[in-house]
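Below: the structure, in structure tokens.
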Amino acid sequence: MTPSTLQIPELIKTLRKRMNLSQEKFAARLGVSFQTINRWERGHATPSPMGIKLIELQLRQMGERGADLLEAYFSK
């Protein structure tokens, strides 16, 4: 299951802040540009299926710190 388009900006912003990363550093971690993260957070673009998988992977790697977001956005 993938998050709905309306929830993606909130998910990305919350994840990035929990990781204590700027948009630039979060973009580098995902292998995308700063502009891409900025557009995702503002809801002007949505991540590709691969982008969604990378976001989910970041949440999984966070363990307990990301468990609630993983459950809220990626539970089946």
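- Closest non-hydrogen pair, Ile37 versus Arg16, comes out as CG2-CD, 4.4 Å.
- In this structure, the separation between CD1 on Ile55 and OH on Tyr73 is 11.0 Å, given to the nearest 0.5 Å.
- Within the 4.5 Å cutoff, the side chain of Met19 has heavy atoms near those of the Arg29 side chain.
- For Arg18 (side chain) and Gly66 (main-chain N/O), no donor-acceptor pair under 3.5 Å exists by modelled atom type.
- Expressed to the nearest 0.5 Å, how far NE2 of His44 lies from CD of Gln35 amounts to 14.0 Å.
- Atom CD of residue Gln61 and atom CG of residue Leu70 lie 11.5 Å apart, to the nearest 0.5 angstrom.
- Atoms CZ and CZ, on Phe34 and Arg39 in that order, are 10.0 Å from each other to the nearest 0.5 Å.
- Considering every non-hydrogen atom in both Leu30 and Leu54, the closest pair reads O-CD1, 3.4 Å.
- Counting heavy atoms from C-beta on, the side chains of Leu59 and Phe74 come closer than 4.5 Å.
- Using a 4.5 Å heavy-atom cutoff, the side chains of Glu56 and Arg60 are in contact.
- Not a single donor-acceptor pair under 3.5 Å links the side chain of Thr36 to the backbone N or O of Val32.
- Taking 4.5 Å as the limit, some side-chain heavy atom of Ile52 sits within range of a side-chain heavy atom of Ile8.
- The line from CD of Gln7 to CG of Leu69 is 11.0 Å long, rounded to the nearest 0.5 Å.
- The shortest non-hydrogen separation linking Gly51 to Trp40 is CA-CH2, 4.4 Å.
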Q: Just do the side chain to side chain contact (heavy atoms under 4.5 Å, CB included) check on Met62 and Leu15 with the steps written out, would you?
A: CA-CA 10 Å; Met62 290 175 69; Leu15 171 59; 3.3 Å; yes

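- The distance from the CD atom of Gln23 to the CD1 atom of Ile12 is 10.0 Å, given to the nearest 0.5 Å.
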